[in-house]
2 protein chains.
Amino acid sequence: MSVDEVAPHRRGRPPTLREVAAMAGVSIATASKALNGRQHVGSATRQRVQSAADALNFSPNALAQGMVAQRSGTVGLLTSDLVGRFSMPVLRGAEDAFGSEKMSVLLADARDDHIRQQHHLRALLSRRVDGLIVVGAQPDPRPSLGQDLGVPVVYAYAPSDDPQDMSVVADDVAGGRLAVDHLIRCGRRTIAHVTGDPTYGASHDRARGAVERLTEAGLAVAGGEVMYDSWSEAWGRGATRLLLEREPGLDAVFAGSDQIARGVLDALLEAGKRVPEEVAVIGFDNWEVLATGSRPPLTTIDPALENLGRVAALRLASAIEGRAGHGVEAYPCRLVTRSSTAPLH
Amino acid sequence: MSVDEVAPHRRGRPPTLREVAAMAGVSIATASKALNGRQHVGSATRQRVQSAADALNFSPNALAQGMVAQRSGTVGLLTSDLVGRFSMPVLRGAEDAFGSEKMSVLLADARDDHIRQQHHLRALLSRRVDGLIVVGAQPDPRPSLGQDLGVPVVYAYAPSDDPQDMSVVADDVAGGRLAVDHLIRCGRRTIAHVTGDPTYGASHDRARGAVERLTEAGLAVAGGEVMYDSWSEAWGRGATRLLLEREPGLDAVFAGSDQIARGVLDALLEAGKRVPEEVAVIGFDNWEVLATGSRPPLTTIDPALENLGRVAALRLASAIEGRAGHGVEAYPCRLVTRSSTAPLH
DNA sequence: TTGTACGCGTTATCAG
DNA sequence: CTGATAACGCGTACAA
């Protein structure tokens, strides 16, 4: 009852621990211990098992391991925009915060469709993910998934509206402040702020940071007020034309997004203004394809989304270990200088 | 030996079939059949089980199901660029080709790093994915993962270099042809082609399609030759300036990418040319943020990546069912007209 | 040091 | 129509 009943040549299927054990001439238990570095295994035996495993190209079945460990080694990533640009860096940061060996990422694109989201959620839960990261398409608060999911959840980029949940977001206020601070350090005094959709909380947060910093420097917003409209190049162009009429002495524009900044740049050039010599321009997002292709390349505020993803993963890992957290954590943005800003000589 | 030994209040853990069965007062086997719509179950019984399941908010453990079914209901998505724009639509198309209920997507970002790729591959395989979709960051052929992975593989966007593998890609030749065809239908006769990196096979494919169509119309490439350099706005601007000198009668430009097209547009405007009245411009990629923000909005060729993802998923599903395929399948691109092209009145 | 036996949650077979 | 029971692949007390 040893060698005879084993290795029934299971065609195609990946080798199992049983086959490894059989080949090494030991029991399954011993093989398991040997491969997992457990003690109470003779080193000679361990060697034999290891060789057998290598020979068979054995790779343990993570599903089976998960069954006994009561842990799948998998986290769900629920996103609202897969084509959008914001969830990707987050995802990427998250992915390498837990190494690929320990944890895999199950992706689900909810597309802002509530019912689709519920479907995906069920699917993820039935796969017994150890935790969930939810990343929104807009930086504004979103409805909580609830507390009774059975697994910890971390919201990234877009916070949950329930303070009981754990959220990590970019600090838009500090980002706005950082942008204006840079312009002031460049010696600019007549600084306008053209930003996007006024229904976005992020617009107001960035504007608030900007105005705060202006006020500290004894300055007012050029053009008389923050200009809200939409996150588009067209609006950037239009706003700039207005601005140029109202404020001939304009020497800097803080745009609420890189798209808007592109519009600002184009309108400025068209009006014969030199950038950055006469007017400096700074954007927000550090959307590479936009920021590096412009004329001149765009200085901008980077919301450090990859870092957000990293932190989200860390928080989630802690929560999985049992140390849950609450509330919204805001992380600093980063200034990326290119050529659209420069000191006023 | 019935109700007594069950429901030991397993704190926190999701309910199991056993608990559902206990609550409904039936055996596990019956509960399973009832929930799975199997026959040989009294409808009253079925009702009771269903209610119990609902009450407990039961959701079957997919890992356990996978163990017995020898199928995880999971596919791996191995991508080389998560931030890049090309893999995302593919991923999205794939994701909804197999409904979220049937199949979940395990994401892995290899980042063009070979060793990292191997790691991810092992992780995916140990999770017993039923199949693999590999999507590259560039449309050029990439090294095969090999045939002995134990699961079917489909390469999307970037084909495998092994014809034995199954690949689905965008038809760049047809795309180039489509672009020029559109320009010709608009009555243009002096058509230039400014494209990107000459080390990309895609540049040459698109150019080939373009030239073929030109030749059919008895036309030659304006400027004397296809202009290769890099996939950047700056090149688009530079090339256009050159072109304007060499070919004063220029009435259309086919740009090899939307980034290049943006540059072309800017240089044209700067030279006082009206688009599309005097010169028509068409891009390639349909990269929304670029194509809709430009002045005027850009007509472009959409490689239909989402469709590619869909087809990849379909092919993979077939292969999983046992009907494997081989070779490279090229899928048509789509013309998206905006305002940068128009008939010459 | 090694092996036996059980359990993880589910499905399928077969006997009642 | 219903219920034991045996897998699926693995980890781990516990016994030898």
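Scope of the values below: all heavy atoms of this structure, side chains included, with no hydrogens, waters or symmetry mates. Reminder, nothing fancy here: chain letters follow the sequence lines and each chain counts from 1.
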Check the distance between [N]'s [atom2] and [X]'s [atom1] and give it to me in whole angstrom.
X: A:R127; N: C:dT10; atom1: CZ; atom2: C1'; value: 14 Å
X: A:L56; N: D:dG9; atom1: CG; atom2: C1'; value: 15 Å
X: B:L17; N: C:dG9; atom1: CG; atom2: C1'; value: 8 Å
X: A:M67; N: C:dG7; atom1: CE; atom2: P; value: 14 Å
X: A:I28; N: D:dC14; atom1: CD1; atom2: P; value: 20 Å
X: A:Q39; N: D:dT12; atom1: CD; atom2: C1'; value: 13 Å
X: B:R128; N: D:dG9; atom1: CZ; atom2: C1'; value: 9 Å
X: B:F58; N: C:dG9; atom1: CZ; atom2: C1'; value: 8 Å

Next on the checklist: Set out, in order, the CA-CA distance, both residues' side-chain angles and the distance that settles side chain to side chain contact (heavy atoms under 4.5 Å, CB included) for B:R48 and B:V26, then state yes or no.
Outcome noted: CA-CA 9 Å; B:R48 259 184 307 133; B:V26 300; 4.1 Å; yes
Under 4.0 Å between a side-chain N or O of [X] and OP1 or OP2 of [N]?
X: A:S27; N: C:dG3; answer: yes
X: A:Q70; N: C:dG9; answer: yes
X: A:R18; N: D:dC10; answer: no
X: B:T45; N: D:dT2; answer: yes
X: A:S32; N: D:dG11; answer: yes
X: A:Q65; N: D:dG11; answer: yes
X: A:N36; N: D:dG11; answer: yes
X: A:R38; N: D:dG11; answer: no

Select base, sugar-phosphate, or nothing to describe what A:L63 touches, counting heavy atoms under 4.0 Å on all strands.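 Counting heavy atoms under 4.0 Å across all strands, no contact is made by A:L63.
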Legend entry - Position toward the 5' end of DNA chain C (nearest nucleotide), B:K33 or B:V68: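 Nearest-nucleotide comparison on DNA chain C picks B:V68.
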Take atom CD in A:Q118; do more than 12 heavy atoms of anything else shown fall under 6.0 Å from it?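 Yes.
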Report task. Give a yes or no on whether a salt bridge exists between B:R122 and A:E101, defined as a side-chain N under 4.0 angstrom from a carboxylate O. Result ->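 Judged by the 4.0 Å cut-off on N to carboxylate O distance, B:R122 and A:E101 do not form a salt bridge.
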Exercise for the section: Decide, yes or no, whether a salt bridge links A:R111 with A:D109 under the criterion of side-chain N to carboxylate O below 4.0 Å. Expected result: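 So A:R111 pairs with A:D109 through a salt bridge.
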Nearest to the side chain of B:H40, heavy atoms from C-beta on, is which of D:dT2, C:dT11, C:dA12?
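Nearest to the side chain of B:H40 among the choices is D:dT2.
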- Task: Answer yes if the side chains of A:S144 and A:D165 hold a donor-acceptor pair under 3.5 Å, and no otherwise.
- Result: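 Yes, a side-chain donor-acceptor pair sits under 3.5 Å.
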